[in-house]
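Scroll down for the structure; my scribbles are underneath it.
Because only heavy atoms are used, hydrogens play no part in the values below, and waters and symmetry mates are left out as well, while side chains stay in. This is a predicted model, so every value here is computed, not measured.
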Amino acid sequence: MGASHGIAVSADRPRADPVTAPGADPVTGPAAAAIPVPCTGGERTVIPLDTRRLFRAEFPALPDRAAAVRRMVAGHLRDWRLGAIVDHVVLATNELFANAVEHGSSGPADTVTITVSLERFGRELRVEVADGSPVIPVARKPEPTEESGRGLAIVEDLALDWGTEPPDPGARGKKVWFTLPLVATS
């Protein structure tokens, strides 16, 4: 699967949900149709596009917070009826969180922000992990005997795309993101 490396600020990745902005009327017509996504057991779940799907949480940059991150991401995806992709999203998010804690934090007072959202009219799931370090992650090819260094390779294998972006205005560091398509099952 392809990957974007380095700073990737893309005009085709809007920061606000294009379907319903706060205070706006829902989109009507073909764009407002529901998107069927795969579920467990071959079922199809329908996500109405006029529903905003986004959550953001901040965690202390501590390794022992990884379980809470995994539970939070899995819980929200199940609430959104995206159970079929929970394992992939949780694993990739866990790898990015671990990297943020190990390489993007200068101490226990630092935080890591996790954002999960539906984008492209509900056809794509995007996960962002923001930390306080401006250092851009680089995918490695570790030796078979090395115990670490595979996190970004795992993300690359699981995700449709991944990359980095500058932090939100007023913040320091960077965001590392990945996306997964939500395609209809036939």
[X] side chain near [Y] side chain, heavy-atom distance below 4.5 Å:
X: Thr113; Y: Val129; result: no
X: Leu118; Y: Leu82; result: yes
X: Pro60; Y: Thr111; result: no
X: Glu156; Y: Phe178; result: no
X: Trp177; Y: Val127; result: no
X: Trp162; Y: Leu96; result: no
X: Thr115; Y: Leu54; result: yes

I'd like to check the side-chain contact (heavy atoms from CB on, under 4.5 Å) partners of [X]; sequence neighbours left out, ordered by chain and number.
X: Pro181; value: Leu160, Val183
X: Ala153; value: none
X: Pro167; value: Ala171

Calculate, to the nearest 0.5 Å, the distance between atoms [atom1] and [atom2] belonging to [X] and [Y] respectively.
X: Glu58; Y: Ile114; atom1: CD; atom2: CD1; answer: 10.0 Å
X: Ile154; Y: Leu152; atom1: CD1; atom2: CG; answer: 9.5 Å
X: Lys141; Y: Arg150; atom1: NZ; atom2: CZ; answer: 12.0 Å

**Sequence neighbours excluded, every pair satisfying salt bridge (Lys or Arg N to Asp or Glu O under 4.0 Å) that has a member inside residues 106-115** = Asp110-Arg172

**Pairs meeting criterion side chain to side chain donor-acceptor pair (under 3.5 Å) with involvement of residues 91-102, two or more places apart** = Arg70-Asn94

Could you tell me which non-hydrogen atom of [X] sits nearest to which non-hydrogen atom of [Y], and how far apart they are?
X: Ala61; Y: Val101; value: O-CG1, 3.7 Å
X: Lys175; Y: Ala130; value: CG-CB, 3.9 Å
X: Ala68; Y: Phe59; value: CB-CE2, 4.0 Å

**Test ring-ring contact (aromatic ring centres under 6.0 Å, His included) applied to His76 - qualifying residues, sequence neighbours left out** = Phe55

**Prompt:** What residues, two or more places apart in sequence or in another chain, satisfy salt bridge (Lys or Arg N to Asp or Glu O under 4.0 Å) together with Arg56?
**Reply:** Asp168

**Request:** Name all residues meeting the salt bridge (Lys or Arg N to Asp or Glu O under 4.0 Å) criterion together with Arg71; count only those two or more places apart in sequence or in a different chain, and write none if there are none.
**Result:** none

**Message:** With a sphere of 6.0 Å drawn around CG of Asp87, does it hold more than 12 non-hydrogen atoms of other residues, nucleotides or ligands?
**Reply:** no

**Prompt:** Salt bridge or not for Arg126 and Glu124, using N-O below 4.0 Å?
**Reply:** no

